[in-house]
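Sequence positions, counted from 1, serve as the residue numbers for this chain. Read the numbers this way: they start at 1 and go in the same order the structure lists the ligands and their atoms.
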Amino acid sequence: MTGADLEKQVCLNENCPNYRKRNVGHIIKKGYNAKGNQMFKCKTCGTRFPETKGTVFYNRHLTEKQIILICKLLVEKNGIRAIERIMEIHRDTVSSIIEDLAQHAREVSDFLITNVGLSQIEIDEMWSFVKKSKRKLNKEMLDQTNLVTAGYTLPSNQKQSST
Ligand SMILES: [Zn+2]
């Protein structure tokens, strides 16, 4: 096994001077957890943590599962209020998660396709819904989401499919 990419790991301790910084050389491999997953350690603050695959899926408030569920709900065109109701998570939290997702659109798309099994079409629907429903997206977020959906064209047979 090639192991987790060291350079992809970031320290998620907010009080750490190297919080979320990449390639600063402060992250080292440090043993394994009970499940046998590679663990890492931030040399700066001493925090030990598991592999941060899709960094955006590690959140202070929500589990990876919950964030994946939010993505799935977005694919099905559930707005922030609907997600708030379904998951009983405050809309501000949902909203900040969506912003976070958009900011890391490429990483999120890869993760959802590879690890969750969503299709490219579903991913595109998710981003276009996010863009439509979320006017607060800043330019960087829009650029990110455009990057991952740009160049995607619907196969001609689907364009013509009758209604
Ligand atoms: Zn740290």
Side-chain angles (χ1 to χ4, degrees), residues 1-75 78-80 83-84 86-118 120 122-124 126-127 129-131 133-150:
M1 106 169 200
T2 52
D5 285 336
L6 207 51
E7 62 270 21
K8 279 188 183 167
Q9 309 307 317
V10 293
C11 180
L12 294 176
N13 170 11
E14 275 189 324
N15 299 318
C16 179
N18 288 324
Y19 172 63
R20 283 188 184 270
K21 283 187 195 161
R22 288 191 181 191
N23 297 317
V24 193
H26 58 299
I27 306 288
I28 54 166
K29 290 188 179 178
K30 189 75 182 169
Y32 295 85
N33 67 8
K35 287 182 192 161
N37 296 322
Q38 179 74 56
M39 295 292 285
F40 296 88
K41 186 180 173 184
C42 171
K43 285 194 287 179
T44 310
C45 68
T47 302
R48 204 161 160 263
F49 55 89
E51 181 186 359
T52 46
K53 273 184 211 151
T55 319
V56 66
F57 292 94
Y58 285 81
N59 181 273
R60 276 165 294 145
H61 306 292
L62 303 178
T63 64
E64 181 179 298
K65 256 190 183 158
Q66 285 176 303
I67 298 175
I68 290 169
L69 182 55
I70 289 177
C71 293
K72 288 180 172 172
L73 288 169
L74 286 169
V75 170
N78 291 286
I80 289 170
I83 294 173
E84 176 183 44
I86 294 164
M87 297 183 65
E88 296 179 343
I89 294 169
H90 194 276
R91 76 190 65 153
D92 291 348
T93 307
V94 177
S95 168
S96 81
I97 292 286
I98 293 174
E99 284 169 16
D100 216 20
L101 291 170
Q103 195 107 41
H104 302 89
R106 162 86 53 197
E107 184 182 327
V108 169
S109 301
D110 289 349
F111 183 89
L112 292 173
I113 290 171
T114 313
N115 297 21
V116 185
L118 294 188
Q120 181 66 56
E122 288 175 310
I123 302 290
D124 282 3
M126 181 178 98
W127 293 128
F129 178 70
V130 165
K131 277 189 278 188
S133 63
K134 195 87 178 60
R135 281 176 221 106
K136 268 202 306 186
L137 288 187
N138 66 28
K139 194 182 170 297
E140 190 193 342
M141 296 169 188
L142 279 175
D143 287 349
Q144 288 300 319
T145 55
N146 286 336
L147 258 179
V148 287
T149 43

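Applying the side chain to side chain donor-acceptor pair (under 3.5 Å) test to Q103 and every residue at least two apart in sequence or in another chain returns E140. Residues satisfying the side-chain contact (heavy atoms from CB on, under 4.5 Å) criterion with M39, sequence neighbours excluded, are N33, R48, P50. With sequence neighbours left out, the side-chain contact (heavy atoms from CB on, under 4.5 Å) criterion links I68 to F57, E64, K72, F111, V116.
Panel detail: the Zn ion (ligand 1) has protein N, O or S atoms under 2.8 Å away, 4 in number.
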* Asked: Between N146 and K131, is a side-chain hydrogen bond (donor to acceptor under 3.5 Å, both in side chains) present by the stated rule, with each step listed?
  -> CA-CA 9 Å; N146 286 336; K131 277 189 278 188; 2.6 Å; yes
* **Residues E122, L112; criterion side-chain contact (heavy atoms from CB on, under 4.5 Å); working and verdict** => CA-CA 10 Å; E122 288 175 310; L112 292 173; over 6 Å; no
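In this structure, F129 and L74 approach most closely via the heavy-atom pair CD2-O, 3.6 Å.
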